[in-house]
Participant: 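Got a structure here, written out as structure tokens. Questions coming.
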Amino acid sequence: MSGGYAGDVDVQEAWRLLNENSQSVLIDVRTEAEWAFVGLPDISATGRPLLTEEWQSYPGGTPNPRFADAVAARLDAAGVAKDAPILCLCRSGQRSIGAATALTALGYTACFNVAGGFEGPLDADGHRGQAGGWKAAGLPWRQS
């Protein structure tokens with residue numbers, strides 16, 4: 001365990017787990033605005049749905065007090081085992097640490113932070129999505 005959760009995985013390892021472990025789950029913890037305007041990982045090829053639940057709300061960044069309970073209810077309803085790999089993803093891999101920690105506190109033993117997140121760090125020009133993360137790795141994604 002690393003800081004209260006199972007550890008960090010990079011986006012390639014997350015994609016590998018999603019494709020090779022039928023029990024793995026990806027939870028996008030960004031905001032509704034990010035999902036709508038920036039895009040979402042497209043994991044449809046894995047045959048499993050992407051779970052979405054805001055860790056913090058937009059625009060103020062207020063923590064979502066229902067996060068852990070809401071996600072746990074959805075995981076339980078889907079029959080996800082407490083030891084299934086749960087991959088938490090945010091913009092750059094920071095908010096998702098809190099999400100992985102919160103789910104671990106509820107007894108899920110394999111909660112991972114997806115380091116680099118969906119958009120990764122800022123590049124030299126101050127833009128995201130080029131220097132790392134899900135999009136820069138060329139992994140499937142979609143916009144609404």
Side-chain angles (χ1 to χ4, degrees), residues 1-122 127-144:
M1 287 260 215
S2 170
Y5 61 101
D8 298 334
V9 295
D10 66 21
V11 294
Q12 295 293 351
E13 177 66 7
W15 183 244
R16 185 191 69 73
L17 276 168
L18 289 165
N19 281 283
E20 294 179 8
N21 186 324
S22 64
Q23 298 302 306
S24 61
V25 176
L26 181 62
I27 304 170
D28 190 326
V29 306
R30 295 174 300 143
T31 64
E32 288 185 32
E34 289 170 296
W35 303 326
F37 298 113
V38 179
L40 288 159
D42 181 359
I43 64 168
S44 58
T46 69
R48 289 185 312 286
L50 171 69
L51 296 183
T52 57
E53 184 70 34
E54 289 183 326
W55 174 249
Q56 296 174 313
S57 62
Y58 177 82
T62 305
N64 175 0
R66 301 177 350 109
F67 175 82
D69 291 336
V71 170
R74 292 170 68 190
L75 294 173
D76 290 346
V80 175
K82 292 279 191 176
D83 63 350
I86 296 173
L87 306 160
C88 297
L89 175 89
C90 67
R91 178 186 68 195
S92 60
Q94 298 303 307
R95 286 173 284 176
S96 46
I97 292 171
T101 301
L103 293 172
T104 299
L106 289 183
Y108 293 92
T109 60
C111 297
F112 296 92
N113 171 50
V114 180
F118 188 67
E119 294 182 86
L122 295 171
H127 302 135
R128 293 190 189 275
Q130 306 297 316
W134 190 277
K135 289 171 74 175
L139 296 174
W141 65 283
R142 60 183 167 79
Q143 270 180 311
S144 57

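The analysis underlying the following values was restricted to heavy atoms, covering all of them including side chains, and did not include hydrogens, waters or symmetry mates.
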Participant: State whether a side-chain donor-acceptor pair under 3.5 Å links Thr109 with Asp83.
Facilitator: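 No.
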Participant: How close do Ala136 and Ala131 get, heavy atom to heavy atom, and via which atoms?
Facilitator: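 In this case the closest contact between Ala136 and Ala131 is CB-N, 4.3 Å.
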Participant: Please report the closest heavy-atom contact between Leu17 and Ser24, naming both atoms and the distance.
Facilitator: O-OG, 3.0 Å
Participant: So, taking the atom named SG in Cys111 and the one named CD1 in Ile27, what distance separates them when rounded to the nearest 0.5 Å?
Facilitator: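 Interatomic distance, Cys111 SG to Ile27 CD1, rounded to 0.5 Å: 7.0 Å.
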Participant: Would you give the length of the straight line joining atom CG of Leu87 to atom CG of Asp8, rounded to the nearest 0.5 angstrom?
Facilitator: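 Reported value, rounded in 0.5 Å steps: 11.5 Å.
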Participant: Considering all heavy atoms of both residues, which atom of Leu103 and which atom of Cys88 are nearest to each other, and what is their separation?
Facilitator: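 Taking every non-hydrogen atom into account, CD1-SG, 4.0 Å.
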Participant: Could you report the tightest heavy-atom contact between Leu122 and Arg128, atom names first, then the distance?
Facilitator: CD2-CG, 3.6 Å
Participant: Give a yes or no on whether the backbone of Gly116 and the side-chain of Asp10 come within a donor-acceptor separation of less than 3.5 Å.
Facilitator: no
Participant: Would you indicate whether Gln130, at its atom CD, is surrounded by more than 12 heavy atoms from other residues, nucleotides or ligands within a distance under 6.0 Å?
Facilitator: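 No, the 6.0 Å shell around CD holds no more than 12 heavy atoms from other groups.
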Participant: Rounded to the nearest 0.5 Å, how far does NE2 of His127 lie from CD of Glu119?
Facilitator: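 These two atoms lie 11.5 Å from each other.
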Participant: Hey, could you give me the OG1/CG distance between Thr46 and Asn19, rounded to the nearest 0.5 Å?
Facilitator: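 One finds 6.5 Å between OG1 of Thr46 and CG of Asn19.
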Participant: Just verifying a value: how many Å separate Asp42 CG and Trp134 CH2, rounded to the nearest 0.5 Å?
Facilitator: 9.0 Å
Participant: Closest heavy-atom contact between Gln23 and Ala84?
Facilitator: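 Between these two residues, the closest heavy atoms are O-CB, 3.4 Å.
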Participant: Okay, side chain of Thr31, backbone of Glu34: is any donor-acceptor separation there less than 3.5 Å?
Facilitator: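 Between the backbone of Glu34 and the side chain of Thr31 there is a qualifying donor-acceptor contact (under 3.5 Å).
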Participant: My understanding is that only one of Glu54, Arg95, Gln56 makes a side-chain contact (heavy atoms from CB on, under 4.5 Å) with Arg30; could you say which?
Facilitator: Arg95
Participant: Of the non-hydrogen atoms in Lys135 and Val38, which two are nearest, and what is the gap between them?
Facilitator: NZ-O, 3.7 Å
Participant: So among Val9, Thr104, Leu89, Ile86, which one has a side-chain contact (heavy atoms from CB on, under 4.5 Å) with Phe112?
Facilitator: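 The passing option is Val9.
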Participant: Is the count of non-hydrogen atoms from other residues, nucleotides or ligands lying under 6.0 Å from Arg66 atom CZ greater than 12?
Facilitator: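 No, the 6.0 Å shell around CZ holds no more than 12 heavy atoms from other groups.
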